[in-house]
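To start, the structure under review is shown below, and the notes come after it.
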Amino acid sequence: MDMQLIAAWVWLGEDLHQYNQAVLFHKAIEIDGVPAGARLAFSADTEARIFVNGEWIADGPCRGWPWAYYFDLVDLSGVLRAGENQILAVARYFGSGTFHQIPQQAGFLLQLDVKDTSGRWRTVAATDSSWRAAPFWAWRQTSPKMCVQMGPGEWIDARRGDACLPAIQQPIDQQVSVIAPAHGGPWGCLRPRDVALPGRYQVTVPPVTAGRAVKAVSQLPWAVPVRRLCHPGVISTNRYASRNLGLATIIHADGGESLPWRWPDWIAFVNGRRCDGVLELHPGANAMLCFVSALFDHRHEAVLDEPRGAGLRLENPIDPGADSAWAMILLPEFDWVEDDMCWSEPPRADREAIKRQYHEFCTAAGSGASVSVESLRAWLHERGARPARREQIAWDDPHAAFARREPLRVLPAMQGSRLPLTLAPQADGDVELHIDLGDQYCGYHEIDVEASDDGAALDLFLVENVAPDGRVQNTPGARNGFRYICRGGRQRYRSLLRRSGRHLFLTARGLGSPITIHGVHVTESRYPARVIGSFNCDDDRLNRLWNMARRTLELCMDDVYVDCPLYEQTLWIGDLQPEQLYGLWTFDARDISLRSLRLAAQSLARLPMIGAQVPSSWDMILPAWSFLWGIAVWDYYQYSGEKESLAELWPAVRMNLLSAQTYLNDRGLFDAWFWNLFDWTPLRQQHRVVLHNSMFMIGAIDAAIRCADVLGHVEDARWLGTMRQRIARGIDSTFDPQTGGYPDAYDESGKPVGLSQHPQFLALLYDAATPQRIESPKRLVLSPAPEVTRCGSPFALHYFYGTLQKLGQGRMLIDAMLRDFKPMLDAGATTLWEMFPESKYHEPGWPTRSHCHGWSASPLYYLPRVILGICPTAPGGREFHIEPNLCHLNWAEGTVATPHGPLRVRVERRDDKVHVDARPPSDAVRVITGF
């Protein structure tokens, strides 16, 4: 649907940079007769939800760079009616960067066109000065970010205003401000969405798994927005923006007190003594001074709980009449704002110096200034401290209360019950409902509740995992839920933020009277993948793995491929390379694949090499990811055969490698202080020269040479070949005859360090090993000694499995897959994990960090590749060789997607022979079977 935009960007008021602002927009239009067709375009900085005639139409727009921003285009056929039609939107400006967006300024744009019976289109609604708007009064702006990767959290107070969208009962009657024409402002020339709109799927919510009384929380901890306080206007998510802030108060105690201090985000001092787990108070006035503990941290907030107790009273040390009991101290001598291009492992000297100086300052100032109330006040005056307003620092954090939940007892009557349920106040606590949804979902959550009076708080939080003993695994750093404060009466609220989890916890806090939960509803929202691929065999473990992988990948497909649906929802470019292969083979998902590649290519307008995650407010390069993007470009062409798409991406392929060439050292190895990650394992990857970077670079060069050959770029293929030879010589020079392999890295003294399987299998996979070297790394891959570091994540296994396949070790590959994924099968998981239980890179006591990670879906690719033997041998799915390896199986069958339709293969042992039945989708596809 091609559409010419005449709408204007609009907003409410003149301040276009407020944090977490939500605005309602409304327009009533008259239409003569039911149109033959209708289409609606909209965009927003940063997100919007659209309703037409009370129907939920869409959430968007899709993610994009500011200089290449998008509008979503929706078919409204069947939605409009003759006469009056109502358009309602709620738009939100984040005012803080994410790993998905780089907010510029608040703005909203919408246009509605209709088609008459002659086929002519005309515009019947377009945002301009005639539209009306109002603040979304129920929306609380001072809500901390969900996590560093995502936007501000969600807190609804229905006492302040109706929140029952779209049937909202509040005036929307204020004049909008026109900001810019459609293709103006900081967003440049808008382009239409280039990927399918998300599908919405209703989830059947099962009965309540358990009801509990949990310890009441009389006062929520605070998520103090230290990043915003220290650096107003800085929206980046870079780690190296300092959090140089202190807070001070006076605590009046009726008697001596010893209070627990369990807030590691702060270094606290009371009466001249550092608080190591305990606040020691004497009768009378106590001086308290605390500083943010980590000068540099990705997190934008630092969680703090005010000291409290029956005999305690807090006083602002500067202004006793202030609306908070705290004074705020900024420490400008420790200001530091830069990007994260130099990731600094090992640490960079200047950063380490300022961190050391900051901690020395905090220790000296804390122990000195807090000796007495008088000394604290004098120090605060000297430092120019000022009273902190509650709205500046007291950003209540319901998730901090959920993360520290203390179950008191089970409420047996609720277990197995279906909603509606009436929750009665408990004398000793709050009421919690736990619902195991039975699978992980990603989407929007709705509550239908009836309260007899105002003020009851409902906290809805989601997690991926609950241990058999009842322990709840909270994903570190993720506030994965929302708070809704009820007004009296029946009300419904559907969340505006897309979240994921398997276990839903709904906690009713502060009940003064019974409250009835009429319903909890879940609407899954994800890329509308068409399941084309399939796999079945006589080993149910492999069947389960394929289905778990399919579900995992579905949840990791939004408007791009994402790493995981819960705590990031981010397009990581390293994750993209295998995920794209899985998505093409299983769903023929070409639009999301090309879009993901395109967004990465556009990062070169901001970064010297392809960015690690895009589009993003985190300025950082991960070289292996940059090279994997180049490999993914060829993978896409090999599957699709789309020469025009290859030509579109080629300039970025070329530029990425031209830039990478400048980081080659005299030896011909990639040498840079970027984040040189490959695997969550004790791989020696914290150095400038890490061998896997050079090996992935060779893989990217080979892919680029193939691209150049297709496009006829002879000179480019020539210089790329020369660069490849240079890097290959450098890699060859690192071979150690004593270990029989390539080291992980070279330390800063030039000494080789580390021996793992990773450089060995990459050298074989990308033909970086010379013929005379091949046997030694092959031994380290196939039969490693105990001291050799092995793969620590399913991501690295994708390349390990690829090497086994290349070496003709299909049976070993399938055996390894069954061994590697056994913990997930044994746990009854429905999705595949980010890490393995033995990994040291997740919280102790849990089997993984993320329980659903797209990079782990390798069974989608390797089961049909190895067992069914399906191997594409020509671009565009025009030719396949079928060379099956049944391994321990008697039969297997399955389907893979091709641009021409599904290719079906069945393999079985019969009469001591292996029989193959291959059915191509059309005569345009040639299938060659053989062994």
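FYI, the numbering just counts along the sequence from 1.
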Does a donor on one side chain and an acceptor on the other come within less than 3.5 Å for S513 and S452? yes
OG-CZ distance between S293 and F291, expressed to the nearest 0.5 angstrom: 12.0 Å
Is it the case that the side chains of S850 and H853 hold a donor-acceptor pair, with the cut-off being a distance below 3.5 Å and no angle test? yes
Taking the six-membered ring of W618, is the NZ or CZ of R239 close enough (under 6.0 Å from the centre) and on axis enough (within 45°)? no
Before you tell me yes or no, could you show the steps for E450 and Q491 under side-chain contact (heavy atoms from CB on, under 4.5 Å), namely the whole-Å CA-CA distance, both residues' side-chain angles and the distance that decides it to 0.1 Å? CA-CA 6 Å; E450 188 171 5; Q491 56 220 276; over 6 Å; no
Correct closest heavy-atom pair for M835 and T848 would be N-OG1, 3.1 Å
D265: what forms a salt bridge (Lys or Arg N to Asp or Glu O under 4.0 Å) with it, not counting sequence neighbours? R299
Would you please indicate yes or no on a ring centroid separation below 6.0 angstrom for F461 and F505? no
Does any non-hydrogen side-chain atom of W139 lie less than 4.5 Å from one of N20? yes
Stepwise, does the salt bridge (Lys or Arg N to Asp or Glu O under 4.0 Å) test hold for D323 with R389? CA-CA 6 Å; D323 73 344; R389 302 190 311 275; over 6 Å; no
Please tell me if the side chains of P198 and S525 come closer than 4.5 Å, counting only heavy atoms from C-beta onward. yes
side-chain hydrogen bond (donor to acceptor under 3.5 Å, both in side chains) partner of E464, the single match among H851, R502, H503, Q440: Q440
Measure the shortest side-chain to side-chain distance between H300 and V224 over non-hydrogen atoms and say whether it is less than 4.5 angstrom. no
Apply the side chain to side chain contact (heavy atoms under 4.5 Å, CB included) test between Y19 and each candidate in P232, P103, S96; give the one that qualifies. S96
Working for salt bridge (Lys or Arg N to Asp or Glu O under 4.0 Å), residues E280 and R274: CA-CA 10 Å; E280 296 288 355; R274 180 166 177 162; over 6 Å; no
So CH2 of W137 and CD1 of I168: to nearest 0.5 Å the spacing works out to 11.5 Å
Candidates R479, R509, R140 - the one meeting salt bridge (charged side-chain N to carboxylate O under 4.0 Å, His left out) with D396: R140
Measuring centre to centre across the rings, with the benzene-like ring taken for any Trp, is H445 within less than 6.0 Å of H521? no
Under a 4.5 Å cut-off applied to non-hydrogen side-chain atoms, are V278 and P260 in contact? no
Within-4.5 Å side-chain heavy-atom neighbours: T249 and N316: no
Would R471 and W846 count as a cation-pi pair here, with the cationic atom under 6.0 angstrom from the ring centre and within 45° of the axis? yes
Distance-only donor-acceptor check, side chains R92 and Q141, under 3.5 Å: no
If you draw a 6.0 Å radius around CZ in R273, do more than 12 non-hydrogen atoms from other residues or ligands fall strictly inside? no
Salt bridge or not between R492 and E446? Use side-chain N to carboxylate O under 4.0 Å. yes
Tell me whether the NZ or CZ atom of R483 lies within the 45° cone about the ring axis of W155 and under 6.0 Å from its centre. yes
May I ask you to say whether R200 pairs ionically with E524, meaning some side-chain N is under 4.0 Å from a carboxylate O? no
R490 CZ to T516 OG1 distance, which is reported to the nearest 0.5 Å: 9.0 Å
Does R49 qualify as a cation-pi partner of Y444, given the criterion of NZ or CZ under 6.0 Å from the six-membered ring centre and within 45 degrees of its axis? yes
Taking the side chain as everything from C-beta on, heavy atoms only, tell me whether V463 gets closer than 4.5 Å to N474. yes
On the six-membered ring of Y201, is R526 placed so that its NZ or CZ lies under 6.0 angstrom from the centre and within 45° of the ring axis? yes
Just so I know, are the side chains of F296 and R243 near enough to count as touching, which here means a heavy-atom distance under 4.5 Å? no
Can you find a side-chain donor-acceptor pair between Q202 and T523 that sits under 3.5 Å? yes
Inspect the contact between R386 and D319 and indicate whether a charged nitrogen and a carboxylate oxygen are less than 4.0 angstrom apart. no
What residues, two or more places apart in sequence or in another chain, satisfy salt bridge (Lys or Arg N to Asp or Glu O under 4.0 Å) together with R262? none
Would you call R487 and D157 a salt bridge, using N to O less than 4.0 angstrom? no
Start with the C-alpha distance between R212 and Q415, add both sets of side-chain angles, then the distance that settles side chain to side chain donor-acceptor pair (under 3.5 Å), and finish with yes or no. CA-CA 9 Å; R212 296 180 182 89; Q415 185 169 349; over 6 Å; no
Does the distance from a Lys or Arg side-chain N to an Asp or Glu carboxylate O, for D430 and K215, drop under 4.0 Å? no
May I ask you to say whether D454 pairs ionically with R159, meaning some side-chain N is under 4.0 Å from a carboxylate O? no
Would you check if W326 and E306 make a side-chain contact, meaning some heavy-atom pair closer than 4.5 Å? yes
